[in-house]
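Below: one structure, written as structure tokens.
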Amino acid sequence: MKGLESIKNLVTSFLKSSESYEKSVDEFIKELQKTLIKADLNVKLVFEFTKSIREEALKSEPPPGVLRREWFIKIVYDKFVNLFGGEGEAQVIPKKLPYILMLVGIQGSGKTTTAGKLALYYKRLGYKPGLITTDTYRPAAYEQLQQIASTIGVPFYGSKGDSDPVTIAVEGINKLINEYRCNIVIIDTAGRHGYGSEERLLEEMKELANAIKPDEVLLVIDAYIGQKAYELARKFHEYTPIGSIIITKIDGTAKGGGALSAVVATGAKIKFVCDGEKLEDIEVFNPKKFVSRLLGLGDLESLLKKFEVLEESKEIEKRVEKMITSGRITLRDVYLQLQSLRKLGPLKKVLEMIPGFSLIPSLTEEQLKLSEDKIKKWISVLDSMTYEELDNPSIIDRRRMRRIAVGSGTTINDVEELLKYYEQLNRLIKELRRKRGLLSKLGVKGLGT
Ligand SMILES: Nc1nc2c(ncn2[C@@H]2O[C@H](COP(=O)(O)OP(=O)(O)OP(=O)(O)O)[C@@H](O)[C@H]2O)c(=O)[nH]1
Ligand SMILES: [Mg+2]
């Protein structure tokens with residue numbers, strides 16, 4: 001990613017530095033600011049962003065087993081992921097069918113190529129896409145998309161000459177859906193001149209969108225647009241809440257990282273990024289993957305592994321939190337809990353990493369008693385239970401216990417022991433809930449509240 005690739009080096013030199021921690025943090029933040037500004041990011045934004053990193057770094061303590069420097073990088077990672085749209089991949093599966101997508105963007109940004117890429121992408125997912133061009137402005141726009149459609153093997157609609165884009169779009173949608181049975185319709189529009197013409201672009205987009213009521217409007221921005229990406233994306237985001245953004249040409253020499261960050265800073269959603277001229281060169285935007293790459297975490301495997309453990313612990317913590325709030329756990333909760341513990345390896349280490357876990361002393365002790373062996377055994381016991389039993393363990397009598405023991409290759413004793421553990425846990429959760437209720441009545445904050 002051009003423009004931001006030096007962040008990787010900042011991370012490695014920060015981790016290796018022999019300077020004091022405070023000095024290294026200062027140095028890192030200063031360099032990060034320079035890099036982000038050079039990459040075309042809005043200056044005010046850069047200062048806000050780095051300030052929030054510094055504040056978090058000062059305020060939070062690394063969990064046991066995590067070095068302070070590693071913890072700092074984790075904070076940087078989280079902040080970046082948050083900046084780039086948060087957890088999870090962009091949502092690209094249509095919520096309804098048929099689904100109508102309309103692409104807009106300034107001239108040469110890559111709309112026509114991207115329309116083809118999207119058609120291929122959705123075709124490979126098993127949908128039946130079709131392509132429409134409403135571009136009556138650029139010579140050979142018709143042939144360009146027609147050619148792409150025939151390469152991919154999807155239906156195409158357009159009209160040569162001077163017809164009105166709205167008429168073409170309406171006719172095209174009708175034809176593609178009703179005659180060709182397409183369930184995704186992708187509409188390519190004409191480009192608008194110049195980087196300064198956002199207003200006109202957005203006006204025209206609104207007009208067309210009002211007439212055809214697409215399910216989604218996608219703004220295509222190329223990485224070369226630089227600083228302007230911010231304004232354009234901001235206005236677009238204001239105009240159309242159903243809109244999302246595709247960034248093209250991040251493979252080129254442009255400061256793609258800058259354009260990308262500028263866009264996300266507006267709160268607009270990035271759905272896809274394109275990194276080449278070929279029709280395969282499109283990728284669903286995934287903030288975590290993107291930030292991992294940005295920080296060079298792929299080369300720091302052990303650190304990445306640690307981060308994964310930390311995130312999983314967050315999950316466990318959330319689950320414990322949910323149990324306390326509801327005041328009730330089922331064997332399903334126990335099952336999930338045991339499974340994540342097994343996946344993460346040494347139990348003690350994992351538990352120690354959970355922030356705030358030490359606030360639940362009795363729970364920690366109970367759980368630390370579990371050996372890896374026992375976890376495995378109990379998981380097979382739970383695997384042999386019916387849903388009914390998992391949700392309502394009180395129905396498990398001797399007869400059921402025998403069946404479960406046989407099914408899981410364990411003994412009745414094992415089953416009983418697990419049920420006892422479950423009861424203990426349940427009591428504990430209730431007790432925590434009571435305590436918390438008391439605390440909140442007294443106005444004391446505790447246990448993640
Ligand atoms: N390197 C690279 N080139 C791209 C990418 N996407 C599009 N292009 C190229 O950019 C140029 C313009 O692409 P078009 O798809 O024609 O752009 P457009 O927005 O439809 O242009 P107008 O219809 O004139 O407004 C073409 O040469 C494409 O091959 C990309 O992700 N990477
Ligand atoms: Mg075009």
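Sequential numbering from 1 along the given sequence is applied to the chain's residues.
- Between Ile7 and Leu32, some side-chain heavy-atom pair lies under the 4.5 Å cut-off.
- Annotation: side chain of Lys289 is in contact with side chain of Glu283 (closest heavy-atom distance under 4.5 Å).
- With respect to the salt-bridge test (charged N to carboxylate O, under 4.0 angstrom), the residues Lys95 and Glu216 do not qualify.
- Taking the charged nitrogens against the carboxylate oxygens, Glu423 and Lys420 have no contact shorter than 4.0 Å, which rules out a salt bridge.
- Between Tyr421 and Trp378, the ring-plane angle classifies as tilted under the 30° and 60° cut-offs.
- Under the side chain to side chain contact (heavy atoms under 4.5 Å, CB included) criterion, Lys16 pairs with no residue, sequence neighbours left out.
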Could you pull out all donor-acceptor pairs under 3.5 Å where a side-chain atom in residues 407-418 meets a protein atom, sequence neighbours excluded?
from, atom 1, to, atom 2, distance (Å)
Ser408, OG, Ile404, O, 2.8
Ser408, OG, Ala405, O, 3.4
Ser408, OG, Thr410, OG1, 2.8
Thr411, OG1, Asn413, N, 3.4
Thr411, OG1, Asp414, N, 3.2
Thr411, OG1, Asp414, OD2, 3.2
Asp414, OD2, Thr411, N, 3.1
Glu416, OE2, Arg398, NH1, 2.7
Glu417, OE2, Lys374, NZ, 2.9

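- A salt bridge between Asp78 and Lys74 is present, with a side-chain N of the basic residue lying under 4.0 Å from a carboxylate O of the acidic one.
- Pairs of residues two or more places apart, or lying in two chains, that qualify as salt bridge (Lys or Arg N to Asp or Glu O under 4.0 Å) and include a residue from residues 378-396 are Arg332-Asp391, Glu389-Arg400, Glu389-Arg403.
- Between Phe290 and Phe84, the gap from one ring centroid to the other is short of 6.0 Å.
- Residues passing the side chain to side chain contact (heavy atoms under 4.5 Å, CB included) test with Leu125 are Ile93, Tyr121, Tyr122, Tyr127, sequence neighbours excluded.
- Residues forming a ring pair (Phe, Tyr, Trp, His ring centres under 6.0 Å) with Phe49 (at least two apart in sequence, or on another chain): Phe80.
- Evaluation of the ring pair (Phe, Tyr, Trp, His ring centres under 6.0 Å) rule for Tyr422 yields no partner, not counting sequence neighbours.
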